[in-house]
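Okay, structure first, notes after.
Order of the sequence lines sets the chain letters (A, B, ...), proteins ahead of strands, with each chain counted from 1. The basis for the numbers below is simple: all heavy atoms, side chains too, and nothing from hydrogens, waters or symmetry mates. No experiment lies behind these values; they were computed from the predicted model shown.
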Number of protein chains: 2
Amino acid sequence: MKLVQIYQCLCDETRLRLLHLLLQGPLCVCHFQAVLNEPQVKISKHLGYLKTRGLVTASRQGNWMIYALPAGRERMPELEANLACLQDCVAGNAVFKRDLARLRKLDLACAPIEAVRGTGRGCC
Amino acid sequence: MKLVQIYQCLCDETRLRLLHLLLQGPLCVCHFQAVLNEPQVKISKHLGYLKTRGLVTASRQGNWMIYALPAGRERMPELEANLACLQDCVAGNAVFKRDLARLRKLDLACAPIEAVRGTGRGCC
DNA sequence: GAGTTATATTCCCCTGGAGGAATGTAGTTG
DNA sequence: CAACTACATTCCTCCAGGGGAATATAACTC
């Protein structure tokens, strides 16, 4: 994983928003759709882009795909550093703050991700 | 200056190397050419790209163009944070370390940038 | 002014990738 | 099994931008 590739992953706003949300923990695609309010194909393709390049992992749970930041990313210091930097940089940004707010609403309205994993039901 | 645009500037290796060198201080184009060992047009176009987007400034000193990171970039916290992150990330990288080593050799072999400014002679 | 140096710009070709409509696929539910 | 849900993939179009050859420009030198 070269540094340039990390930046290539970060140079699209949709992907920035996806990664930013993932800093909160694993999420399924319907979460992203609900929070970003973007077409399914767009979300899916950007997640695929990130997955291909190793910035996220995906695991199927029944009908849902759970995306997460890679476990053990302490071993990818460049990624870790840039994600931390990203989180700092967007702290005051309206779009990203709104995303976070929507995510929290979802976590109340929908079953949280743990429930998804446990029961295979109750996502969005 | 939006965050995505910063990442767009960072997502090319040549530009990463240019910015990394500029963290050492202002430099003229011939420095970049000598250190990166890339065609003049390539260097010049990437510097133009960065300049257009406000990541570097340029000032003419006689025959030479002096490029530098923008003064007062403390007021662009995202840029500042990402440049710091970049410097961290490349600390152990062979290409970037070699660039730095070459730059230091140049600073011995050529007149340093202060001399360029003072006399208008003695660059590369 | 002619020549030279340092740098920028223009022209070309070519690839990556963004966006979206339509379709495919895996898993679940009844 | 059929129907449905959640998601991925394929096809298309379009454009930014990377690389290089050639040319232009700006400033200095003589």
B/Arg98 NZ/CZ over B/Phe96 ring centroid, <6.0 Å and within 45° of normal: no

Spacing of B/Phe32 atom CZ relative to C/dA6 atom C1', expressed in whole Å: 14 Å

A/Arg60 side-chain N/O to D/dA8 phosphate OP1/OP2 under 4.0 Å: no

Atom-pair distance (CH2 on A/Trp64; C1' on D/dA8), nearest Å: 17 Å

Sidechain-backbone polar pair: A/Ser44 side chain, A/Gln40 backbone, donor-acceptor under 3.5 Å: no

Separation of C/dT7 P from B/Leu27 CG (nearest whole Å): 11 Å

Under 4.0 angstrom between A/Tyr67 side-chain N/O and D/dA8 OP1 or OP2: yes

Separation of atom CG in B/Leu47 from atom C1' in C/dA6, rounded to whole Å: 13 Å

N/O (side chain, B/Arg53) to phosphate O (OP1/OP2, D/dA16) under 4.0 Å: no

Interatomic distance, A/Gln5 CD vs C/dG17 C1' [rounded to whole Å]: 15 Å

base_contact_polar (C/dA6 base, B/Gln40 side chain, donor-acceptor, <3.5 Å): no

Proximal nucleotide (of C/dA26, D/dC7, C/dT7) relative to the B/Cys30 side chain: C/dT7

Side chain B/Lys45 and base D/dG19 donor-acceptor under 3.5 Å: yes

Any B/His46 side-chain N or O less than 4.0 Å from OP1/OP2 of D/dG19: yes

d(CD1, B/Ile43; P, D/dG18) in whole Å: 13 Å

Donor-acceptor pair, side chain of A/Arg73 and main chain of A/Leu55, under 3.5 angstrom: no

First encountered from the 5' end of DNA chain D, between B/Pro39 and B/Gln8: B/Gln8

Length of the CD-P vector between B/Glu13 and D/dG19, whole Å: 10 Å

Sugar-phosphate only, base, or nothing, as touched by B/Val41 at under 4.0 Å among non-hydrogen atoms: base

Backbone N/O of B/Lys2 and side chain of B/Gln5: donor-acceptor pair under 3.5 Å: yes

A/Gln61 CD - C/dG27 P separation (whole Å): 12 Å

Side chain of B/Asn63 (C-beta onward), nearest among D/dA26, D/dC7, C/dG27: D/dA26

Closest contact, heavy atoms only, A/Pro70 versus A/Thr57: CA-CG2, 3.8 Å

